[in-house]
Colleague: 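The following block contains the structure, expressed as structure tokens.
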Amino acid sequence: MASIDRGRRDLTALLIGLAAAAVAIAFSYTTPARNIENLTYDLRMALAAPPPEDGLVIVKMDDRAVDEMRTQSPCGCISPIDKVWLADVVGALDAAGAKVILVDYLFDTWRNKEEFDAVVSKFAAIRAPVIVAADPERAPGKDFEVLPGVRYADARALTKDDYDDVVRHYDPRPDGRPSLAAALAEALRGTTAGATAPSAAAATTPALPSSSFNLRYRAPHPDSKAENAGALAPSFSAGDVAFLPRRFFEGKAVLIGRVSRSAGADATTLGEDLHTTPLRYLPGHHDGTPGVEVHAHAALQMLAGDRVVMPGLPWLALIALLAALAGAAFGRAAFNWWRAVAALGGIVAVGAVAGWAVFAGAGVMLPMLTPLVAFALAFFVTSRVVAAQLAAERAMYAGALERYLAPQVIRRIEDGSEPVELGAVERDITAMVSDLENSSTFLAETPVEKFSPIINGYFDGLFEVLWKHEAMLDKLTGDGVIVLFGAPVVHADHADRAIACARDIRAFSERYRAEVREKYGIAFGRTRLGLHSGPALVGNFGGTRRFNYTAYGQTVVIAARLEAANKEHDTTVLLSDATLQRAKAAGALEQVGVLTLKGVPEPIEAYTPR
């Protein structure tokens with residue numbers, strides 16, 4: 001019979017897993033899921049970016065260069081760009097030994113024939129290959145005059161994801177025309193689209209892509225700082241090119257383009273030609289990545305031959321199914337809720353690390369949200385099935401033990417977070433013991449009809465303060481209480497909680513005493529408190545017939561002795577140096593002295609809050 005039940009449970013878990021996987025795959029095609037998946041994609045892309053190459057240089061048309069161009073331009077204008085001034089920059093780069101020069105500006109319109117002739121004259125002396133941008137709707141030599149020896153590349157907008165307008169793909173040959181990155185890669189490799197006899201070296205290198213591909217962005221250059229933070233390569237203002245050392249450009253591929261990246265968030269410069277990319281989580285890319293750098297990233301990737309591998313639907317289905325079956329298996333284990341949360345958190349952490357490692361090592365961009373949804377859905381449904389079977393048992397068990405256990409322990413038994421056990425565990429806690437000053441006199445002199453509302457009101461207010469600081473009420477001791485901080489719920493700041501609670505109790509006590517005096521005309525005693533921190537045995541104690549969650553050890557004993565010592569020192573709160581040492585925000589304290597307490601072998605240094 002047991003084997004039949006086990007087989008049915010296995011079949012149920014399998015069916016739940018299949019259904020969860022199907023739902024997760026369907027969900028992955030929705031817009032919210034795509035946005036979340038894109039977020040994980042971008043984070044991995046930014047955090048696992050390969051190092052940049054050293055053969056690139058960015059020449060920035062930044063605000064300073066634009067101002068200088070406007071000053072030197074005969075028309076004093078900035079749009080369209082002064083191509084004669086830009087030709088001088090290209091000439092200076094060529095004189096410095098640049099290997100290839102790419103200009104991310106349109107060279108398909110001219111102000112007049114004089115401008116065109118002047119640029120032709122300046123470019124005639126340039127030896128390095130020059131690549132410029134052209135409108136894809138205009139044919140070189142037909143719709144505009146071309147510069148001899150200059151290669152024109154497609155200048156259309158970068159490919160952006162339909163879901164969130166982020167540049168994750170790159171088309172090297174839109175409509176068959178080479179893009180800026182493709183033209184740059186071909187020039188650097190020493191081949192062109194029309195070459196018929198590639199070199200032996202080119203035959204051993206991967207072919208340049210001819211269709212759209214997922215960009216694999218490079219990490220920022222280590223020397224890019226301040227206003228150049230986040231740049232792919234060393235960057236210099238175009239206005240400074242003529243004055244910079246030759247070694248900055250010699251043998252390098254130089255890209256000229258608009259860069260409006262700023263070092264500060266308070267910059268007033270309007271960002272131009274900035275595109276949202278997966279690098280937006282890195283410094284220097286929060287407001288966008290310059291278009292000229294996106295082309296540079298694409299060119300480096302094409303030359304390196306690395307690709308971003310996106311698993312297809314069959315692989316997605318397999319991954320989702322495995323995750324769903326794992327979730328169903330975890331759900332069958334009937335974990336307590338905190339273990340379930342920890343397991344789910346562990347799965348998320350392991351998945352995140354694995355996704356990052358697989359992409360960093362192999363360039364494979366595994367889906368992240370779909371397997372997580374499959375796992376979580378299968379886990380939740382399976383665990384609810386198991387929980388339904390256990391709920392009746394837990395309710396019966398808790399009902400039978402209600403007369404023997406404290407209410408808070410019963411509640412933990414009911415939700416499955418606290419197993420009933422007679423054993424103990426050692427924890428570092430803070431114990432607080434309270435007592436009511438002159439309680440015997442108060443009891444003897446107060447009429448019964450007044451005593452009950454006064455003492456009940458006192459405990460109502462006291463408990464409210466305790467619950468505020470998440471204390472555990474161990475037990476009532478007549479007119480006092482024994483309270484634990486750090487058990488059963490572990491709090492690293494248990495000493496701070498206890499001190500703050502003691503201050504609030506002292507304030508409440510004074511308010512309540514005034515209220516009793518005004519309402520009943522009776523003198524109500526002060527609340528005296530003792531606090532001590534240290535190890536204690538906490539757990540369910542009492543035997544097989546009656547037990548309770550409580551604490552044993554010197555920690556509770558010393559707290560009780562400190563409470564009693566208040567009377568001798570005319571204080572209301574005494575805390576030990578052990579509590580003070582554990583506290584991070586104890587507030588103002590006054591040293592009372594080193595106290596010798598009954599039953600405590602070592603003297604205790606005591607303090608009282610001011």
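Predicted, not measured: the structure shown is a model, and the values here were computed from it. If you read the sequence from its start, that first residue is 1, and numbering goes on from there.
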Colleague: Trp110 and Glu115: side-chain donor and acceptor closer than 3.5 Å?
Modeller: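 Looking only at side-chain atoms, Glu115 and Trp110 do not form any donor-acceptor pair under 3.5 Å.
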Colleague: Can Glu53 and Arg218 be counted as an ion pair, charged N to O under 4.0 angstrom?
Modeller: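 Here Glu53 does not pair with Arg218 in a salt bridge, since their nearest N and O are not under 4.0 Å apart.
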Colleague: Both conditions, 6.0 Å and 45 degrees, for the charged tip of Arg307 above the ring of Phe213: are they met here?
Modeller: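 So Arg307 does make the cation-pi contact.
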Colleague: With side chains defined as the heavy atoms from C-beta onward, is the minimum distance between Leu255 and Leu184 less than 4.5 Å?
Modeller: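 With C-beta onward as the side chain, the pair touches.
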Colleague: Using side-chain heavy atoms (C-beta onward) and a distance below 4.5 Å, is Ile58 in contact with Pro234?
Modeller: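 They are not in side-chain contact.
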Colleague: Quick one: does Arg582's side chain get under 4.5 Å of Asp428's, heavy atoms only?
Modeller: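 The answer is yes; the side chains approach within 4.5 Å.
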Colleague: Which pair of non-hydrogen atoms, one from Ala21 and one from Ala374, has the smallest distance, and what is that distance?
Modeller: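 In terms of heavy atoms, the two residues are closest at CA-CB, 4.2 Å.
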Colleague: What heavy-atom pair brings Val241 and Ala92 nearest, and what distance separates the two atoms?
Modeller: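 Smallest heavy-atom distance, with atoms named: CG1-CB, 3.8 Å.
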Colleague: Output yes when Glu68 and Lys60 qualify as a salt bridge under the 4.0 Å nitrogen-oxygen rule, no when they do not.
Modeller: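 A salt bridge is absent here (no side-chain N lies under 4.0 Å from a carboxylate O).
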Colleague: Between Asp88 and Lys83, does any side-chain N to carboxylate O distance fall below 4.0 Å?
Modeller: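 Salt bridge flag = no for Lys83 with Asp88.
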Colleague: Using a strict 4.0 Å threshold on nitrogen-to-oxygen distance, state whether Asp67 and Arg70 make a salt bridge.
Modeller: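 So Asp67 pairs with Arg70 through a salt bridge.
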Colleague: For the NZ atom of Lys252 and the CG atom of Leu93, what is their distance to the nearest 0.5 Å?
Modeller: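 Output value for this atom pair is 12.0 Å.
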Colleague: Applying salt bridge (Lys or Arg N to Asp or Glu O under 4.0 Å), run through Arg280 and Asp287 and close with a yes or a no.
Modeller: CA-CA 7 Å; Arg280 64 185 185 273; Asp287 296 327; over 6 Å; no
Colleague: With a 4.0 Å cut-off, would you call Lys99 and Glu250 a salt bridge?
Modeller: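 Result for this pair is no, no salt bridge flagged.
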Colleague: Would you check if the side chain of Glu37 reaches a backbone N or O of Leu369 as a donor-acceptor pair within less than 3.5 Å?
Modeller: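 Answer holds: yes.
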Colleague: Quick one: pull up NZ in Lys122 and CG in Leu86 and give me the separation to the nearest 0.5 Å.
Modeller: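 Here the interatomic distance stands at 11.5 Å.
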Colleague: Would you check if Val167 and Tyr217 make a side-chain contact, meaning some heavy-atom pair closer than 4.5 Å?
Modeller: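 In contact.
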Colleague: Checking Lys113 against Glu145 for the salt bridge (Lys or Arg N to Asp or Glu O under 4.0 Å) test, could you report, in this order, the C-alpha distance in whole Å, the side-chain angles of both residues, the deciding distance, and whether it holds?
Modeller: CA-CA 10 Å; Lys113 191 175 188 309; Glu145 293 186 89; 5.6 Å; no
Colleague: Which is it for Val66 and Arg258 under the side-chain contact (heavy atoms from CB on, under 4.5 Å) test, yes or no, and what are the steps along the way?
Modeller: CA-CA 9 Å; Val66 171; Arg258 178 66 170 134; 4.0 Å; yes
Colleague: Roughly how far, to the nearest 0.5 Å, is the NE2 atom of His494 from the OG1 atom of Thr579?
Modeller: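 With rounding to 0.5 Å, OG1 (Thr579) is 8.5 Å from NE2 (His494).
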Colleague: Taking side chain as C-beta onward, heavy atoms only, is Val150 less than 4.5 Å from Ile131?
Modeller: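 No, their side chains stay 4.5 Å or more apart.
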Colleague: Could you tell me whether the side chain of Arg173 and the main chain of Ser210 form a donor-acceptor pair under 3.5 Å?
Modeller: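 No, because the side chain of Arg173 does not come within donor-acceptor range (under 3.5 Å) of the backbone of Ser210.
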Colleague: Under the 3.5 angstrom rule, does the side chain of His285 hit a backbone N or O of Gly230 as a donor-acceptor pair?
Modeller: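 Looks like yes, one N/O pair under 3.5 Å.
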Colleague: Whether the side chain of Asp143 engages the backbone of Ala139 through a donor-acceptor N/O pair (distance < 3.5 Å, no angle test) should be reported.
Modeller: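 Checking the backbone N and O of Ala139 against the side chain of Asp143, a donor-acceptor pair under 3.5 Å is found.
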Colleague: Is there a donor-acceptor pair closer than 3.5 Å between any side-chain N or O of Arg44 and the backbone N or O of Thr40?
Modeller: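 Here the side-chain-to-backbone pair exists.
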Colleague: Which heavy atom of Ala183 sits nearest to which heavy atom of Ala153, and what is that distance?
Modeller: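 Closest heavy-atom pair between Ala183 and Ala153: CB-CB, 4.1 Å.
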Colleague: Just do the side-chain contact (heavy atoms from CB on, under 4.5 Å) check on Met365 and Val309 with the steps written out, would you?
Modeller: CA-CA 6 Å; Met365 192 65 76; Val309 181; over 6 Å; no
Colleague: Given side-chain contact (heavy atoms from CB on, under 4.5 Å), test Phe116 with Val84 step by step and report yes or no.
Modeller: CA-CA 8 Å; Phe116 175 77; Val84 176; over 6 Å; no
Colleague: Look at the side chain of Gln301 and the backbone N and O of Asn214, then say whether any donor-acceptor pair between them is shorter than 3.5 Å.
Modeller: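 Checking the backbone N and O of Asn214 against the side chain of Gln301, a donor-acceptor pair under 3.5 Å is found.
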Colleague: On the six-membered ring of Phe359, is Arg216 placed so that its NZ or CZ lies under 6.0 angstrom from the centre and within 45° of the ring axis?
Modeller: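 Arg216 over Phe359 ring: yes.
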Colleague: Strictly distance-based, threshold 3.5 Å: is any side-chain N or O of His491 a donor or acceptor partner for the main-chain N or O of Asp493?
Modeller: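 No, His491 side chain to Asp493 backbone: no donor-acceptor pair under 3.5 Å.
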Colleague: Does Tyr152 use its side chain to pair, donor to acceptor, with the backbone of Leu147 at less than 3.5 Å?
Modeller: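 Indeed, once roles are kept as given, a pair shorter than 3.5 Å links the two residues.
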Colleague: Evaluate whether atom CZ of Phe27 has more than 12 neighbouring non-hydrogen atoms of other residues, nucleotides or ligands under 6.0 angstrom away.
Modeller: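 Enclosed: over 12 neighbouring heavy atoms sit under 6.0 Å from CZ of Phe27.
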Colleague: Quick check against the 3.5 Å criterion: does Ser211 have a side-chain atom that pairs as donor or acceptor with the backbone of Pro209?
Modeller: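 Flag not set: sc Ser211 to bb Pro209 has no pair under 3.5 Å.
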Colleague: Rounded to the nearest 0.5 Å, how far apart are CH2 of Trp356 and CE of Met45?
Modeller: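 Atom-to-atom, Trp356:CH2 and Met45:CE are 14.0 Å apart.
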Colleague: Tell me the closest heavy-atom pair linking Asp165 and Thr276, and the distance in Å.
Modeller: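 In this case the closest contact between Asp165 and Thr276 is O-CB, 3.9 Å.
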Colleague: Looking at Asp62 and Ala65, would you say the former's side chain and the latter's main chain have a donor-acceptor pair under 3.5 Å?
Modeller: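 At least one qualifying donor-acceptor pair exists.
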Colleague: Any side-chain donor-acceptor pair under 3.5 Å between Asp154 and Ser179?
Modeller: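 No.
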Colleague: Do the side chains of Leu232 and Pro220 get nearer than 4.5 Å, heavy atoms only?
Modeller: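 A side-chain contact under 4.5 Å is absent here.
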Colleague: Are any of the side-chain heavy atoms of Pro140 and Val146 separated by less than 4.5 Å?
Modeller: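 A side-chain contact exists here, since the closest heavy-atom pair is under 4.5 Å.
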Colleague: Could you measure the distance from the OG1 atom of Thr289 to the CG atom of Leu215? Nearest 0.5 Å is fine.
Modeller: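 Thr289 OG1 to Leu215 CG: 10.5 Å, rounded to 0.5 Å.
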Colleague: Just wondering, are more than 12 heavy atoms of other shown residues or ligands nearer than 6.0 Å to CZ in Arg127?
Modeller: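 Result for CZ/Arg127: open.
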Colleague: I'd like to know whether the aromatic ring centres of Phe248 and Phe236 sit less than 6.0 Å apart in this structure.
Modeller: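 So the answer is yes for these two rings.
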Colleague: Heavy atoms only: give me the nearest Thr430-Ala498 pair and the separation to one decimal.
Modeller: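 So the two residues come closest at CG2-CB, 3.4 Å.
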Colleague: List the atom of Ala20, the atom of Leu377, and the distance in Å for their closest heavy-atom pair.
Modeller: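 In terms of heavy atoms, the two residues are closest at CA-CD2, 3.8 Å.
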Colleague: Checking Phe107 against Phe144 for the ring-ring contact (aromatic ring centres under 6.0 Å, His included) test, could you report, in this order, the C-alpha distance in whole Å, the side-chain angles of both residues, the deciding distance, and whether it holds?
Modeller: CA-CA 9 Å; Phe107 268 70; Phe144 61 90; over 10 Å; no
Colleague: Please determine which of Val132, Asp104, Val89 meets the side-chain contact (heavy atoms from CB on, under 4.5 Å) test together with Ile256.
Modeller: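 When side-chain contact (heavy atoms from CB on, under 4.5 Å) is applied between Ile256 and each of Val132, Asp104, Val89, only Val89 qualifies.
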Colleague: Are any non-hydrogen side-chain atoms of Arg151 and Pro129 less than 4.5 angstrom apart?
Modeller: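 No - every pair of side-chain heavy atoms lies 4.5 Å or more apart.
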Colleague: Carefully, step by step, assess His295 and Tyr170 under the rule ring-ring contact (aromatic ring centres under 6.0 Å, His included).
Modeller: CA-CA 9 Å; His295 293 298; Tyr170 193 88; 5.7 Å; yes
Colleague: Is there a side-chain contact (heavy atoms from CB on, under 4.5 Å) between His286 and Tyr281 once you walk through the steps?
Modeller: CA-CA 6 Å; His286 299 318; Tyr281 303 107; 5.7 Å; no
Colleague: Any chance you could measure Ile499, atom CD1, to Leu589, atom CG, to the nearest 0.5 Å?
Modeller: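 It comes to 6.0 Å.
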